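Structure first, commentary second.
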Amino acid sequence: MSIRVNPGFIKELTKYGAREWNACFHCGNCTAVCSLTERGILFPRKEIRAIQMGLTEKLASSPEPWLCYYCGDCSENCPRDANPGEIMMSLRRYLTSIYDWTGMAARLYKSYAAHLWFMIFLFLAVIAAFVVFSRIPDSPEVKLNTFAPVHIISLLDHILLIFLGSFLITNIINMYVKIIIKDKTVKIPVWLYFKEAWNAIFQFATQWNITKCQRNNWYWFGHWFLFTGYILMFVMVIFFLDWFQTEEIHPFYHPQRILGYYVTAGFLFATIYFMIGRYRKKKEIFKYSHHSDWIFVVLLFLLAFTGIFIHIFRVNGMALPTYYAYVLHLAVEVPMVVTFVAFSKWSHLAYRPLAIYFAHLKKSARALQEKNKIEFVTQ
Amino acid sequence: MSGKRLTGVYFAVYSNGSECEIDIDQLIEYTRQIPGIGIIWNGDLKQTMQADFIVDEIKKHNLDRIVLAGDEPGIVKPLFSKAMVLSGKNPEDIVLAGFNEYSIKSNKDLDRAKAIIYCAALGVPFENVALPSEAEVHTDTLVIGGGIAGIQASLEIANSDHKVYLVEKTGTIGGHMAMFDKTFPTLDCAACILTPKMVEVGQHTNIELMTYCEVIGVEGVPGNYKVRILKKARRVDLADCIGCGICSEKCPAKTVSEFDAGITLRTAIYIPFPQAVPNKYLIDAASCIYVQKGKCGVCVKVCPPNCINLDEKDQEVEINVGNIIVSTGFKVFDAKRVENLGYGKYPNVVTSLEFERLVNAAGPTEGNIKFRSKDKKENWIFSPESDEPKSVALIHCVGSRDENYNKYCSRVCCMYSLKLAHLVKEKIPEAEVYEYFIDMRAFGKGYEEFYERIKEEGVHIIRGRTAKIEERDDQLILRSEDILAGKLIEQKVDMAILAVGLEPREDAEELSKMLGIKQGEQGWFVEANSVDDTVGTFTGGITIAGVCQGPKDIPDAVAQGSAAASRVLQSIIKGKVKKSIKDISLEQIETKVNQYTNIMEGIS
Ligand SMILES: Cc1cc2nc3c(=O)[nH]c(=O)nc-3n(C[C@H](O)[C@H](O)[C@H](O)COP(=O)(O)OP(=O)(O)OC[C@H]3O[C@@H](n4cnc5c(N)ncnc54)[C@H](O)[C@@H]3O)c2cc1C
Ligand code: SF4
Ligand code: SF4
Ligand code: SF4
Ligand code: SF4
């Protein structure tokens with residue numbers, strides 16, 4: 001089998017945020033210090049090697065970058081300040097863009113301006129849509145469902161879901177092809193897929209791996225809070241919008257309000273924690289920020305912020321401010337969903353557990369192959 | 001000569017990423033008034049500087065020569081060479097005025113920077129005009145630090161019938177080498193080489209050995225220094241002590257032994273080790289109960305020749321010398337700083353220096369390798385009664401080659417680790433020995449062969465840095481990546497030895513200020529030239545030798561000791577010493593250069 005080398009790869013990867021890729025002298029400290037590596041699943045040094053040599057095919061078939069939660073241990077202990085953690089992060093951005101056959105992810109990741117303009121375009125488009133199609137109800141009371149009827153918003157939600165979902169699913173298929181099918185060094189027996197599945201489900205629900213990096217429990221908490229909040233919001237908005245967006249104002253202990261508060265608290269906690277961290281840059285993981293990180297965090301924050309205002313205005317019966325806040329809320333939400341779900345950060349939510357699944361599949365399959373080989377030799 | 005040859009001066013300051021402390025504008029101002037300058041470029045251009053741009057400039061300003069000034073101007077030389085060739089000029093006509101080369105680091109050295117630019121601009125080699133004047137030399141020499149380098153230097157000078165004062169901080173000479181059992185790569189017995197030399201120093205009529213002393217002040221000029229020395233109170237009379245050791249047997253005060261790298265205890269009245277030179281006892285004031293609290297005095301009562309004076313005070317003496325050799329050596333890296341390796345937390349994670357004492361026949365276990373275990377008083381000690389470890393790991397580069405600690409390679413730890421691996425195999429043949437390295441630096445004569453030999457002895461030598469050591473159920477577990485096999489390793493071992501690197505001594509800065517010599521970025525003393533003068537300094541009459549100049553092994557330290565001695569002997573024999581080039585003023589250099597160019601023009 002021949003190995004193809006892409007000498008221009010480094011230039012490409014620096015656009016995704018990789019910096020000190022050449023400082024590494026391959027001591028293996030990072031792999032050994034990382035709490036998430038195990039026998040048969042090695043990173044980040046191996047990936048850095050592949051980067052230095054321009055082995056793009058090998059990288060495309062590696063699930064390992066997704067196993068890293070960027071705790072920063074490796075970067076803190078790297079004797080060459082090569083920042084392996086950040087290199088893994090940039091690899092994840094790169095992988096997202098090669099799974100994405102539309103080329104959208106690559107464009108957004110590589111250019112700050114493109115990313116920003118696209119967001120602004122969607123933001124204005126949403127506002128324009130309201131200006132054109134929506135009428136402010138003639139009533140001093142808040143009539144949100146007249147201003148933005150639930151069934152229409154819900155319909156649009158579903159259209160968006162199908163649209164983005166099909167992108168995400170095809171991207172996932174692409175990922176599967178790249179990691180499993182194209183890697184000819186390993187054959188995976190069908191029964192293994194079932195055996196390893198439970199682990200993947202567990203990982204998805206708990207994001208548990210992060211806690212293995214003991215020192216970062218707040219980081220895990222922030223991550224998990226944000227993640228559950230997002231999933232809840234997603235489910236509510238897509239499937240139960242008519243229950244969530246009501247005219248009637250429920251008492252504060254009503255599940256509808258409690259859920260809303262939970263989601264908002266999760267968003268605020270995570271974004272403020274990340275923003276302060278990224279601003280201070282004290283912790284290793286926050287030292288470098290790619291533009292997509294900033295856009296993501298700021299949007300999340302705005303989402304929570306506008307959500308709070310809708311709530312305050314609505315509860316106090318302030319009709320006009322409620323409508324305006326609602327428009328802004330959607331104008332933030334739509335760009336966030338469109339760019340991040342299929343092409344950026346949120347898609348990692350799908351890629352990561354799948355990659356863990358694939359990594360273990362490959363590891364077990366390799367172990368089987370090794371065993372068979374030895375048996376073959378001893379026969 | 002037809003027409004004036006015009007010169008372009010390019011200023012490039014990189015300073016290795018750290019800020020440049022030299023005022024370039026002042027230098028440019030100065031350069032403007034040097035005759036024959038066609039154009040001056042400021043290094044800000046360095047990003048945009050292209051060969052064709054320089055070609056245009058050369059043509060526009062009609063340049064024949066180029067001077068590249070800056071800390072490491074050689075970096076841009078290829079670009080200028082290309083431009084010179086492209087514009088039909090001689091690429092040989094590029095002259096470097098390198099600041100680093102002449103140790104120009106800050107505005108204090110501005111005059112020297114001007115001087116080298118002046119020389120370069122007029123095409124006169126700096127060395128030809130910066131001739132330091134000479135001074136009468138005092139024939140006595142001071143050697144500071146009695147390690148192997150200082151011993152070697154002292155003996156060479158003393159054997160040429162000149163007087164040497166050897167000042168040593170501790171109670172004995174010998175330095176680190178005295179602590180070792182064997183030396184790489186020949187596995188010679190260290191004491192067999194060192195002890196005769198130490199005894200020779202002790203008995204030499206030309207050497208005035210001043211142990212337990214420190215240099216506290218240096219005044220004067222090259223060739224004639226006045227040195228103040230603090231004689232710390234030994235409280236035991238050097239002349240009368242017969243070295244019987246009865247005092248130590250009875251002394252109730254205990255403290256850790258420096259000589260045993262902290263793995264054993266000694267009494268307050270002690271001799272550093274049995275072969276110490278001078279072979280006399282001394283009292284360590286910090287741990288003596290009498291000195292601290294005013295009562296005890298047991299040693300005085302039992303001393304047969306009655307030579308202990310507990311109330312002795314520190315004294316100051318002054319000596320005159322012509323030359324000074326600095327050979328103060330190093331200290332080892334503090335392994336506690338690397339928290340992941342668990343030194344100080346797990347009793348059987350030890351430093352290489354501790355292990356040197358453990359395998360030494362004169363160590364606490366008579367050279368048998370044993371676990372560190374708890375004694376009756378719950379103290380962790382190495383006792384001859386404990387068990388032998390069955391597996392030992394050696395971890396390279398602890399504190400060295402690491403951006404978080406010291407960036408440089410400590411140079412001896414690869415080889416001494418191989419030596420220690422051999423010693424483990426020799427003493428416990430069935431033990432498994434694992435050695436974790438990043439790169440194996442076996443650079444000296446016979447070293448690569450030594451490495452091969454150790455591999456053949458069955459030591460597992462693994463490429464991959466150990467990232468962490470943990471203890472589970474009294475068992476150490478090392479985590480590292482085996483780079484060559486592409487595997488993650490979790491290795492259980494009984495004992496781990498950390499190959500700690502070498503670092504400058506704590507008092508190196510103080511000493512360098514006192515002597516007027518420089519310290520480099522990492523703290524080692526700076527040599528006059530890293531290629532052809534590794535023992536000289538920029539201060540006339542002061543030379544450096546051994547590890548205080550930078551990490552090195554014993555043969556190299558000895559070689560430098562001899563080199564420094566030969567430098568000193570040169571000046572003694574001539575009766576003159578070169579003054580420091582720091583003493584030459586800019587005007588003097590300019591005048592010399594002008595005379596020089598006049599002569600050259602006369603010839604052509
Ligand atoms: C664990 C270990 C094992 C090693 N094994 C080997 C080996 O097998 N083979 C080999 O070739 N090399 C070995 N080395 C390297 C070796 O130790 C050095 O090359 C050698 O000791 C250097 O000698 P030195 O005289 O320059 O310094 P040192 O041995 O450090 O001597 C310096 C002396 O100066 C004294 N001093 C310091 N400051 C002052 C002051 N201000 N005033 C007065 N006196 C002062 C000190 O007390 C000391 O006596 C090993 C090093 C280590 C750490
Ligand atoms: S990234 Fe750093 S820790 Fe990892 S192998 Fe390279 S140099 Fe070692
Ligand atoms: S950032 Fe943390 S999880 Fe990621 S590779 Fe480094 S040590 Fe492992
Ligand atoms: S006086 Fe000091 S040195 Fe002498 S026996 Fe007492 S404690 Fe030891
Ligand atoms: S000599 Fe070897 S162990 Fe010591 S710092 Fe250099 S490479 Fe590391």
Side-chain angles (χ1 to χ4, degrees), chain A residues 19-20 22-50 52-53 55 58 62 64 67-68 71-86 185-186 212-215 284 287 359-360 362-363 366-367 370, chain B residues 16-18 333 337-342 393 395-410 413-414 434-441 461-470 476-493 496 498-501:
Chain A
R19 286 153 200 266
E20 314 293 343
N22 206 13
C24 168
F25 63 12
H26 298 279
C27 63
N29 198 68
C30 45
T31 309
V33 87
C34 175
S35 320
L36 301 175
T37 49
E38 48 187 280
R39 268 183 213 166
I41 301 184
L42 295 186
F43 57 92
R45 188 197 64 82
K46 269 189 142 174
E47 284 61 34
I48 297 175
R49 186 73 173 166
Q52 288 176 337
M53 294 169 72
L55 306 181
K58 187 170 160 62
S62 307
E64 281 85 0
L67 273 67
C68 156
C71 66
D73 280 353
C74 55
S75 294
E76 230 164 83
N77 289 292
C78 168
R80 299 279 297 167
D81 274 352
N83 221 321
E86 183 62 23
T185 59
V186 57
K212 279 202 209 153
C213 319
Q214 298 110 350
R215 293 183 302 137
E284 200 60 54
K287 276 207 183 120
H360 283 95
K362 279 179 139 182
K363 178 186 159 180
R366 284 222 171 87
E370 280 300 305
Chain B
N16 255 334
S18 61
F333 174 79
R337 290 173 63 196
V338 191
E339 277 172 34
N340 279 345
L341 296 181
I395 294 151
H396 282 217
C397 296
V398 176
S400 311
R401 303 182 71 200
D402 191 331
E403 296 284 334
N404 303 311
Y405 309 102
N406 296 319
K407 290 184 197 166
Y408 54 85
C409 162
S410 290
C413 11
C414 274
Y434 305 89
E435 201 163 329
Y436 296 90
F437 72 105
I438 307 177
D439 298 292
M440 189 62 82
R441 306 218 150 150
I461 301 189
I462 299 144
R463 188 173 192 283
R465 191 179 199 251
T466 296
K468 48 183 166 187
I469 299 181
E470 275 160 12
L476 296 174
I477 298 173
L478 272 60
R479 209 164 192 269
S480 40
E481 186 187 356
D482 183 336
I483 309 280
L484 300 179
K487 274 194 203 139
L488 190 70
I489 305 181
E490 288 199 337
Q491 181 66 50
K492 288 186 183 154
V493 294
L498 310 184
V500 284

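Throughout, a chain's letter reflects where its sequence line sits, starting with A, and its residues are numbered from 1. Since this is a predicted model, take the numbers as computed values, not measurements.
Rounded to the nearest 0.5 Å, atoms CZ (A/Phe25) and CZ (B/Arg465) are 6.5 Å apart. Taking CG of B/Leu488 as the reference point, atom OG1 of A/Thr37 lies at 4.5 Å (rounded to 0.5 Å). One finds the CD1 atom of B/Ile438 at 7.5 Å from the CG atom of A/Asn29 (value rounded to the nearest 0.5 Å).
There is no side-chain donor-acceptor pair under 3.5 Å between B/Asn404 and A/Asn77.
Considering only heavy-atom pairs separated by less than 4.5 Å from chain A, the leading option among B/Asp402, B/Asp482, B/Thr466 is B/Asp402. Contacts with chain B were tallied for A/Arg49, A/Lys46, A/Arg45, A/His26; A/Arg45 has the most, counting heavy-atom pairs under 4.5 Å.
Heavy atoms closer than 4.5 Å to chain A are found in both the backbone and the side chain of B/Ile483. Within the 4.5 angstrom heavy-atom criterion, only backbone atoms of A/Cys34 (N, CA, C, O) approach chain B.
More than 12 heavy atoms of other residues, nucleotides or ligands shown are found within 6.0 angstrom of NZ on A/Lys363. The environment of CD in B/Glu339 is sparse: at most 12 heavy-atom neighbours from other residues, nucleotides or ligands sit within 6.0 Å.
With B/Arg463 contributing its side chain and A/Cys27 its backbone, the two residues share no donor-acceptor pair below 3.5 Å.
The nearest pair of heavy atoms linking B/Arg401 to A/Pro79 is O-CB, 3.6 Å. When every heavy atom of A/Ala32 is checked against every heavy atom of B/Lys468, the shortest pair comes out as O-CE, 3.8 Å.
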Exercise for the section: Check the pair A/Val33 / B/Arg479 against side-chain contact (heavy atoms from CB on, under 4.5 Å), numbers first and verdict last. Expected result: CA-CA 7 Å; A/Val33 87; B/Arg479 209 164 192 269; over 6 Å; no
